Amino acid sequence: MSIPIPGIKDISKLKFFYGFKYLWNPTVYDKIFDKLDLTRTYKNPKELKVLDLYPGVGVQSAIFYNKYSPKQYSMIEKRSSLYKFLKANLEDSPLQILKKDPYDWSTYSNLINEERIFVPEVQPPDHINDTFLTVANVTGEGSEGLIMQWLSCIGNKNWLYRFGKVKMLLWMPSTTARKLLARPSTHSRSKCSVVREGFTDTKLVAISDADELKGFDSQCLEEWDPVIFSAADMWPTKGKPIALVEMDPIDFDFDVENWDYVTRHLMILKGTPLSTVMDSLGHGGQQYFNSRITDKSLLKKRPLDLTNEEFIYLTKLFTEWPFKPDILMDFVDMYQTEHSG
Amino acid sequence: MLRPAYKSLVKTSLLQRRLISSKGSKLYKPSPDSTGTILMSEEPLVAASSSTTSPPSGIIDTNDFSLFNNNNRKNSSSNSSTPYQWKNSSDLDFDPFNKSHASAITTMTRTRDVMQLWSLLEACLQSNLMKRAFSILESLYLVPEHKQRFIEDYNMYLNAFSRNEPNFPILKMNEKLTNDLETNFKDINYNDKTLAIMIHHSLRFHASASSMLLKPTISAYFKMSVNGIREILSNLDILTISDLNLLVNDLRVISLSQLPSSVKPILESLAPSSSPVNNNQNEDGSKNLEAENNSKNEKNLDASLGSMKTPSLESLRDVPLGGSTGVLPKDAEKLIAVDTIGMRVIRHTLLGLSLTPEQKEQISRFKFDANENVLNMKPTKDGDDSDTSINFFEIYNSLPSLKEKKAFESALNTFNQDRQKVLENRATEAARERWKHDFEEAKARGDISIEKNLNAKLWKWYNNMLPLVQEEINHCKSLSLERPSPSDKKHLNKVETNRLDYGPYLTLIDPGKMCVITILELLKLNSTGGVIEGMRTARAVISVGKAIEMEFRSEQVLKSESQTFRDVNKKSPEFKKLVQNAKSVFRSSQIEQSKILWPQNIRAKIGSVLISMLIHVAKVFVQGVDPITKAKVHGEAPAFAHGYQYHNGSKLGVLKIHKTLIRQLNGERLIASVQPQLLPMLVEPKPWVNWRSGGYHYTQSTLLRTKDSPEQVAYLKAASDNGDIDRVYDGLNVLGDTPWTVNRKVFDVVSQVWNRGESFLDIPSAQEEMVLPLAPPRNSDPSILRAWKLQVKTIANKFSSDRSNRCDTNYKLEIARAFLGEKLYFPHNLDFRGRAYPLSPHFNHLGNDMSRGLLIFWHGKKLGPSGLKWLKIHLSNLFGFDKLRLEDRVAFTESHLNDVKDSAENPLSGERWWTTADKPWQALATCFELNEVMKMDNPEEFISHQPVHQDGTCNGLQHYAALGGDVEGATQVNLVPNDKPQDVYAHVARLVQKRLEIAAEKGDENAKILKDKITRKVVKQTVMTNVYGVTYVGATFQIAKQLSPIFDDRKESLDYSKYLTKHVFGAIRELFHSAHLIQDWLGESAKRISKSIRLDVDEKSFKNGNKPDFMSSVIWTTPLGLPIVQPYREESKKQVETNLQTVFISDPFAVNPVNARRQKAGLPPNFIHSLDASHMLLSAAECGKQGLDFASVHDSYWTHASDVDTMNVVLREQFIKLHEIDLVLRLKEEFDQRYKNYVKIGKIKRSTDLAQKIVKIRKDLSKKLGRSTTLADEIYFEKKRQELLNSQLVEDRKVGEKMVTTVSLFEDVNDLDALELENGGDEHSGSSVLLPLRLPEIPPKGDFDVTVLRGSQYFFS
DNA sequence: GGGATAGTTAGTGATATAAGTAATAGAGAATAG
DNA sequence: GTATTCTCTACCGACAATATCACTAACTATGGG
């Protein structure tokens, strides 16, 4: 028995949410799932537990379920109209619909620890967790921060990543995908792409606008060979293009806090060569790094040009700096309140 | 839950869209057809025409309020003596008094360019870059609007040229002038100043190479005079005293009587004993000029000279005549130090007084040399003070007779005049000297001492920085010489291009001074702007730039002063006074002349250049631990580091200060880094005589703290030039003339507490390190990590705010220490509503309780019959018992006399009763006095210095009650006599309580829980801020803060607060119903005004034909004639590139649409504040007249205990005077007049006749134009109609009368309100039309008779 | 010497930045449609 | 013609985002006739 997939006529009645968009065309989904070839990772889909964050109207959820029939498929949807929509469509299906807020950390601790509704299996970090998959749609314009936070959770090995290397299929605005996937020496290279490089192996799977591809590295594109669909295949049809990425955590071993500080500060002046930019790390930074960096050609590079390996190297030097600044004090207090009754 | 996108993303993009909206950029290049009138920003944007044509009338020029006595609303509009000055003049221009909005758009665009050019011109001339200056002149000449004033710029140039080339022959100079004006600048005519320059040049040339041509040439120049010889001679910035001496006494081409009165006495005394022969001869010729030439300054000086004795010839005989004109002083600083004459005389005077032997000893030892004894700023150990300085206050107090006191003060004043000059001009050098001194001392003790001693370190930095600065200046100079034309920028790299921008400015000031200023500024800014150990870069670069500019300005004044008076050597104190007076008049005019301010971007650039050099050289020794070897490592690190921090994803440039230095700063006495120019003054401030002359002697300040708004300046200047705000000056001058001194006893206590480093009252303790909680493991739940981060942040912020708090206290204390025993004054100016503030930051009587406790009046007055009572009441007030009957307050103090005694005698070791007061430091000060009084047999004889306060009870509401004639409200705020004071807050609390009880009975759960928790304190802040228009949300937070101790859960407390706020608002509205009606009226009026359109707005400025930018701000005139312009407009900020980073600063010349929301929210409080400011200034002026010492903190008036009764009468009378006329009605009439021909966009029913007519006009028009019409088109035609109607030609007027426009149709409509559709009405058939702007009817006034408050003793108490 | 074209640059506008939305949430105005 | 989206949030003293890239207009330089 397969689960009915909501059609465009049904879903177009719903009003939209701050740029939240999703692919609705099942044929495109077929292509995407072919490309993903999930059974490679999940050899036994019957044991798979899927957590679907912001499923929207559940098109993807239904297709996924029909394809793989996982052991558990839980959707977390807070927005009332969408929740109602899901309830109505999937009333009698095995898909679980939970009205909780995916933004709230406590949702997960409740779900997993207290209520024990959704309990994934902890697996060692030598392979991708083959019984737990996360799927999310964070295409809303204001929700980019959430993606970045999830990324840093990979670095912290907390949140869902305490269960091991959990794959995530993540819908996001294509601009966000471009930022995340930027390679060194490209215009879009930024801190978050270094983070992505440091913690994950990420691939572009699908994108809603062929024009957007020019923002990505051509070599990578060749390798990824993403599914390209048109704006008509998503809802709402107008608005900014979206992209689907596949995100696998990887092994890493460096001092995350210091690395975070170093990358953050260097990427501010990302066009300034290391021969002058190091002072922005703290009092006398340039002098120190000049004395420590042995490969002088590195000094000619700009932060924008650095690979994560190079950032890790700089971080190592940074942590060995006797006069390094206090990285905890790296913020300003904008809101001093005065005046009391 | 996912948040809506707008919060983060869209918000920023909108901000950005706005700042770069096409408007801003287009303004740089005005379309060639925009031909506005000449309206440079320093020119009155306000009707120049009206002020010249309309006779001064109405309230502004009348010295009493008799014109106000019209209490009848219906009558007053037809009254011929209208309350505002401009009413008479409206027949000339169709809107004569407001050129600021619309015309500004077309003219301000160029103003911006001109301003930049000016400032550059001035800079180039000062740096002797004559070629570049000339090319700037050529650019300026091309600006058509500027032609009228061009000659002034040319004069500036010519003068610099003459200064540069003193040996340029007379004839050649004449040739140059002729050539310039006849070929280069054809349309320009010389003026009298030009002639003055030529005369000055001739005289100087003659001095070095005597010329036969001199006399004929000079005579010729005088004959060429445009406005008379006197006009030429009045250019004292050009002609020196010795020039005048030559002209009068040697060449005898002019007579004494033709001289400006300020210098006449000096020249008289310089004259050979036989009186000038040709006196009468010339007098006739110049008589007719006399009337018009009498400038305000001269009048003022005449007055001040009138009371002064002219020096006898005897004493002046040996004053050398300024015969030789020699080479100009290149270095004006040298001239400063010369001024030490007469100090022996002072010493003699002082020694002649009845002094103790010790005092005499002190005075004999004391060097009366202003340069060596500016202030007690030396970082000596405690207790040393007495050796090096004199406690003038003690000596003054110990003098037995009034006569001797007078003599003492007079001598002190003479001394202080010099010290003030040094203070304002030489302070940077003084700082430098001190550093050097400390360095040398430390050096003698060894290297480690240098590192330990802050000043020694600063000296090292200074020395290392100086060559860099000099080198940079050389770069700038050579670059400027290479490239005289500013547009010639080819082959320059980025650094050089920038250099070309700031170079001319940087070369103006002594490099050494710039180094000192930079260092001082950066130290001062430590821990500001929320940065943990450092400051914001943007703030730093601008502060340094501003400080440099300020230094430049005072140097300028000083330089020209010493040039003009350079040949006058002073021998006798009498003569000196004469010169001092002439100088002060001179200074006023000089300061006024320096109209040009440096552009903000230049300030930033200069600041960044200097700071980056300091970063480069300033090093500190640091210790660290090698993370690998764990060994202690020493090293040298830059003291400052430039970096960035993020806030909400926005970058913020910061300058970090090294921890090591911070620690050192915390332990130091920071006097070395106080901005010396803005300390309290040692002599009476220069009286305010016009809008930019008053306050400090050499440092320029303006009457109004304008928010970079040319509009505000324009109105202010017009009012000032018109003489409309003299009464504002009167009040302000009284405030400035009140002499103070530091309360030594309180100071000693504060000092002790401070040195202990413990937290005491609101002084936080001196912490070395902050203690942070242990970090949770990395893989903890994100929520736990977040909580920890938040905790760290909170602790760090607390730490940082404590430190900056302590730093602030340090400043206050050090300033107080420097002024121990001194007589000091606070120069004041006004915020844009007219409220007065001291100019000197950090330490003044508006500061916190400690600052106030540290200040007492210099003059003492016997308590007399009522003084003791008031002193006791004062103490009770300070303890918070200000809502008791007066006799009960007296009783309170009397019941605590033992506590008073203990507090005074053992302030720290005793019971510390005083620390339990609401305002402990002031209470302590009062205890000290009371304790002394109690020792007296006759308390009435006690001489008191303690200011006693009289505070209005909810002053804002008092004004509202008076405005609305609201009996109930008036009763609540003590306008009505009562035998005990009303407590508004308690009353509101009771009302809320009652409401809650009712609600609770109905079963309201919230009410049941809250009903017994309502205290005065809970509602106090909300009642207070309600006057300022606090919103529901804001009030909820306030109440939540009060409620938070009661409820554990923050969320819960907030929920209750929300509920409670509704009731509090309800209660306030009920109690002050009338006040709220006025508030609403003000708000509605402001809204309508700021949504209105001026007709003569350039119709092209309508980007979208139906959506104009609203440009009209709310403007009104206070009862004292001060024009208030609400400066709330949309901000436009730009990124400016500097050496360190780009900074984001607002563009002061941009003309932006008004911010209607803020205009609306601001009017009620601002209007009320403009009234309480008027009340204060009126009271101040009157108190001054009656010989009282007076000070104020907005609605708290201070005077001596003995004078409180008098002051109480004065302030009541002034309040009554103020409110005798209906101020709301007056405001409405002013609005009606000012915004007469404005229109607004509104909707009317489409079905009406009128709408049909409008549609028809539009159709016709549309046919003619061949496109659909817009509102802009309609505005254009209405504007045309108005122009025709106001035309001089009869035919035109006839055409105009026949013309029908969509607006003119409304002329016959009486009831606009009935016609107009309210927003969102259920009618779908409204059509957008232009309606004449109408303000809502004012709420009816009640029966309260304001005069009854004469008898209300608790009105102010 | 004049005009065209390629190259350069100054200036402006757009966008990204970090990463729990600062403590907060409901009204009122602006804008899109 | 209404509905959605955005913007505040008590007045004054008071005090502020920045780096980089794309694009364009204006200007310079060049090389060929």
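Worth saying up front: this structure is predicted, and the values here are computed from it rather than measured. Just so it is clear: chains get the letters A, B, ... in the order the sequence lines come, proteins before strands, and each one is counted from 1.
- At least one side-chain nitrogen or oxygen of B/T1031 sits closer than 4.0 Å to the OP1 or OP2 atom of D/dA10.
- Phosphate contact (OP1/OP2 of C/dA23, side-chain N/O of B/K1041, threshold under 4.0 Å): absent.
- For the OP1/OP2 pair of D/dC11 and a distance below 4.0 Å, the side-chain nitrogens and oxygens of B/Y1028 include no atom meeting the criterion.
- The NE2-C1' distance, from A/H265 to C/dT17, rounds to 13 Å in whole Å.
- To the nearest whole angstrom, the two C1' atoms, one in C/dT24 and one in D/dT9, are 10 Å apart.
- For B/D831, whose side chain is taken as the heavy atoms from C-beta onward, the closest listed nucleotide among D/dT18, D/dG13, D/dC8 is D/dG13.
- For the OP1/OP2 pair of D/dT20 and a distance below 4.0 Å, the side-chain nitrogens and oxygens of A/T272 include at least one atom meeting the criterion.
- Nucleotides C/dA14 and D/dC15 place their C1' atoms 28 Å apart, quoted to the nearest Å.
- The phosphate of D/dA16 has OP1 or OP2 within less than 4.0 Å of a side-chain N or O from B/R536.
- Atoms CG (A/L269) and P (D/dA17) sit 18 Å apart, rounded to a whole Å.
- Only the P atoms considered, C/dA30 is 24 Å distant from C/dG13, to the nearest whole Å.
- Here B/V1143 lies in heavy-atom contact (under 4.0 Å) with sugar-phosphate atoms only.
- Nearest-nucleotide positions on DNA chain C for A/T175 and A/M148 put A/T175 closer to the 5' end.
- For B/H1194 (side chain) and B/S1192 (main-chain N/O), no donor-acceptor pair under 3.5 Å exists by modelled atom type.
- The phosphate of C/dT17 has OP1 or OP2 within less than 4.0 Å of a side-chain N or O from A/K179.
- Interface remark: the B/Q1141 side chain does not form any donor-acceptor pair with the D/dA17 base, using a distance-only criterion of under 3.5 Å.
- Distances shown here put every side-chain N or O of A/S190 at or beyond 4.0 Å from the OP1 or OP2 atom of C/dA16.
- For C/dA18, neither phosphate oxygen OP1 nor OP2 lies less than 4.0 angstrom from any side-chain nitrogen or oxygen of A/K191.
- One can place OH of B/Y960 at 10 Å from C1' of D/dC11, the figure rounded to the nearest angstrom.
- Residue side chain B/Y1032 does not reach the base of C/dG26 through any donor-acceptor N/O pair under 3.5 Å, judged by distance alone.
- Contact between the side-chain N/O atoms of A/Y261 and the OP1/OP2 oxygens of C/dA18 is not found at any separation under 4.0 Å.
- Residue B/K1058 has its side chain nearest to C/dA25 when only D/dC11, C/dA30, C/dA25 are considered.
- Residue B/N1026 has no polar side-chain atom (N or O) positioned under 4.0 Å from OP1 or OP2 of D/dA10.
- Set against C/dT17, D/dG13, C/dG20, the side chain of B/K651 has C/dT17 as its closest nucleotide.
- One N or O on the side chain of A/R189 and one on the backbone of A/A182 form a donor-acceptor pair closer than 3.5 Å.
- Residue B/R705 places no side-chain N or O under 4.0 Å from the OP1 or OP2 atom of D/dC12.
- B/E1131 contributes no side-chain N or O that forms a donor-acceptor pair with the base of D/dA16 under 3.5 Å.
- The neighbour count for A/K240 NZ, taken as heavy atoms of other residues, nucleotides or ligands under 6.0 Å away, does not exceed 12.
- A close approach under 4.0 Å does not occur between any side-chain nitrogen or oxygen of A/K270 and OP1 or OP2 of D/dC21.
- Taking a pair to require two hydrogen-bonding distances under 3.5 Å in either a Watson-Crick or a G-U wobble arrangement, C/dA22 remains unpaired.
- Between B/V1033 and A/W105, the residue anchored nearer the 5' end of DNA chain C, judged by the nucleotide with its closest heavy atom, is A/W105.
- Using a 4.0 Å heavy-atom distance criterion, A/R178 is classed as a sugar-phosphate-only contact.
- A gap of 33 Å separates the P atoms of C/dA25 and D/dA14, to the nearest Å.
- Partner assigned to D/dA16 is none, using Watson-Crick or G-U wobble distances below 3.5 angstrom.
- Using a 4.0 Å heavy-atom criterion, one finds that B/G1162 contacts no nucleic acid atom at all.
- Checked against C/dA30, D/dA17, D/dC15, the side chain of B/R539 finds its nearest nucleotide in D/dC15.
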